[in-house]
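Please read the structure below before turning to the comments.
Chain naming here is simple, since letters A, B, ... match the order of the sequence lines and numbering starts at 1 in each.
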There are 2 protein chains.
Amino acid sequence: MRAVLDSARRHLATSGADSLSVRAVARDVGIVSSAIYRYVPSRDALLTLLVIEAYDDLGGAAERAERAVTRDDGAGRFLAVCGAVRTWALEHPHEYALIFGTPVPGYAAPQETIGPASRIPSLLLGILRGSPRSQSERRLDRGGTAAKAVEPLRDGLGSGLAPDELARGLNAWTGLLGAVSMETFGHFTGVVAQSPRVRKAFFAEQMIALAGGLDLFDL
Amino acid sequence: MRAVLDSARRHLATSGADSLSVRAVARDVGIVSSAIYRYVPSRDALLTLLVIEAYDDLGGAAERAERAVTRDDGAGRFLAVCGAVRTWALEHPHEYALIFGTPVPGYAAPQETIGPASRIPSLLLGILRGSPRSQSERRLDRGGTAAKAVEPLRDGLGSGLAPDELARGLNAWTGLLGAVSMETFGHFTGVVAQSPRVRKAFFAEQMIALAGGLDLFDL
DNA sequence: TGACAAGCGAGAGCACTGCTCTCTATTCTG
DNA sequence: CAGAATAGAGAGCAGTGCTCTCGCTTGTCA
């Protein structure tokens, strides 16, 4: 089982999910393709395992980066998470694509992925919860729309936060993923200079503008 | 050729790019699979044609929506574009995924796609160019990073705009795509209420917050 | 110790994929 | 009317996910 997972992870990392074939994994492990099905019920199930691993790996990286920042520096904690997500995505583009890219048609993320998947959202909301700036006068909610929209979060991840804060947190999350996805998926070619240093600095500016625009923290 | 493209478009729209097979298209058209190669050199080339069609379809929808708004209402024009992109994405999820989702490994977007691909960015920058608010005091550029970053746009799409404006426009574009991608790719399940009305209103609020946060217009 | 079951792998096979090759029938053109 | 261009058919190759049956090895229990 270990060998199967290791090989699958390697194939995913180097060639992407499309070219992860159970036959290739079998060849790698040194057994015949049908024997793989002793360990994993299907290719989709194998991908699900990798999805969970990816979420956990990314979540762990983000949590480590966030922990390294002084507790009362909300903006710094937020930017640390952003930077960790971006770095991880650029280092693991295929894993990133697997979890945040095109959903596989006919494949619904099973129950056991939602836990690992919510590590970063939970981290972000935790930062927001600890931020003294969480009562912003630049309210986003107009006429209770946001309250209705983020209702599913009320008793779960978002407990203890006002609807307006939740909405702004969600905006931060989508803004972060948007920036990282564009760069990771190659939509910056011909638009943003390729130099890694410039791109990193530009991303930092983007995230500062994002946090500032949403009035997430005292900056 | 028409029949081939029609069938391919239909397959893409209903089952996604993964399950678009030249054999299925051939069956659809009523010829044998090898005959397809009289019209299209490879499956990738067929996908490229669909990519161009998708960019053009989306770009056309956005342009139409933008044209319907009074010229001097910059924010209204921006929000019209945002809404059109979101609507098109939800109506054509597979086409949207094809152009903004996971890049196909080993497939580099050929030259002939960059024209159609830049219709919306060009539209957005046009709105910014016409906005009297384009000299914002909430500058994003710190130490010339943004100027270096958006250098590739200087003489092309972004001519006539200051680096700081270009950077803010790019932020708007990534924010828009981030929000649309999250919703289209199903990352809102369990997070944002499913009601289409609520989601639409919430998206509008997100885009208003985005434009406001970036200080794109006088609101 | 012997019987039995569970676990694990091999191998064949099915239906599918992209793509290439050769061969043939039609149609267009000089 | 001859020759060329065009469009399709069909076989075939190497690959895919997955199922089925068969056999070997190992563990368990009386």
Side-chain angles (χ1 to χ4, degrees), chain A residues 1-54 94-95 97-98 101-110 113, chain B residues 1-54 94-95 97-99 101-110 112-113:
Chain A
M1 186 63 184
R2 272 274 296 272
V4 168
L5 266 185
D6 283 353
S7 169
R9 198 181 306 116
R10 215 163 37 242
H11 275 96
L12 171 64
T14 57
S15 337
D18 283 353
S19 34
L20 186 156
S21 78
V22 342
R23 295 181 115 107
V25 170
R27 273 192 300 269
D28 237 38
V29 177
I31 59 179
V32 91
S33 77
S34 59
I36 293 286
Y37 292 86
R38 299 279 172 197
Y39 303 92
V40 159
S42 74
R43 201 193 91 116
D44 270 11
L46 184 55
L47 273 181
T48 296
L49 294 178
L50 296 178
V51 165
I52 294 175
E53 284 198 5
H94 294 119
E95 285 93 329
L98 183 62
T102 308
V104 185
Y107 172 84
T113 63
Chain B
M1 187 63 186
R2 273 272 296 272
V4 168
L5 265 184
D6 284 352
S7 168
R9 199 181 305 118
R10 215 162 39 239
H11 275 96
L12 171 64
T14 57
S15 337
D18 284 353
S19 35
L20 186 154
S21 79
V22 342
R23 295 179 115 106
V25 169
R27 273 192 298 270
D28 237 38
V29 177
I31 60 180
V32 90
S33 77
S34 59
I36 292 285
Y37 293 87
R38 299 278 173 197
Y39 302 93
V40 159
S42 74
R43 200 193 91 115
D44 270 11
L46 185 55
L47 272 182
T48 297
L49 294 178
L50 296 178
V51 164
I52 295 175
E53 282 198 6
H94 293 118
E95 286 93 328
L98 183 63
I99 53 184
T102 309
V104 185
Y107 171 85
E112 58 262 41
T113 63

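The nearest pair of heavy atoms linking B:A17 to B:R43 is O-NH1, 3.3 Å.
Proximity of A:L12 to A:E95: side-chain heavy atoms (C-beta onward) are separated by under 4.5 Å at one or more points. Side chains of B:E53 and B:L49 form no contact here, defined as non-hydrogen atoms less than 4.5 Å apart. With a 4.5 Å cut-off on side-chain heavy atoms, B:L20 and B:L46 count as touching. For the pair A:L5/A:Y39, no side-chain contact is recorded, criterion being any heavy-atom separation below 4.5 Å from C-beta on.
Side chain of B:S33 to backbone of B:A26: no donor-acceptor contact under 3.5 angstrom is found. A:S7 places no side-chain N or O within 3.5 Å of a backbone atom of A:A3 that could act as its donor or acceptor partner.
Taking NE2 of A:H94 as the start and OG1 of B:T102 as the end, the distance is 9.5 Å to the nearest 0.5 Å.
One atom, CG of A:L47, and another, C1' of D:dC18, lie 15 Å apart when rounded to the nearest Å. Spacing between atom CG of B:L46 and atom C1' of C:dC19 amounts to 14 Å, rounded to whole angstrom units.
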If you restrict it to nitrogen or oxygen atoms, what contacts under 3.5 Å exist between nucleotides 8-11 of chain C and the protein, and what is each distance?
{"unit_1": "C:dC8", "atom_1": "N4", "unit_2": "A:R38", "atom_2": "NH2", "d": "3.4"}
{"unit_1": "C:dG9", "atom_1": "OP1", "unit_2": "A:Y39", "atom_2": "OH", "d": "3.3"}
{"unit_1": "C:dG9", "atom_1": "OP2", "unit_2": "A:Y39", "atom_2": "OH", "d": "2.3"}
{"unit_1": "C:dG9", "atom_1": "N7", "unit_2": "A:R38", "atom_2": "NE", "d": "2.9"}
{"unit_1": "C:dG9", "atom_1": "N7", "unit_2": "A:R38", "atom_2": "NH2", "d": "3.2"}
{"unit_1": "C:dG9", "atom_1": "O6", "unit_2": "A:R38", "atom_2": "NH2", "d": "2.2"}
{"unit_1": "C:dA10", "atom_1": "OP2", "unit_2": "A:V32", "atom_2": "N", "d": "2.5"}
{"unit_1": "C:dG11", "atom_1": "O6", "unit_2": "A:S34", "atom_2": "OG", "d": "2.6"}

All N/O pairs under 3.5 Å across the protein-nucleotides 15-17 of chain C interface:
{"unit_1": "C:dT17", "atom_1": "OP1", "unit_2": "B:S21", "atom_2": "OG", "d": "3.0"}
{"unit_1": "C:dT17", "atom_1": "OP1", "unit_2": "B:R27", "atom_2": "NH2", "d": "3.4"}

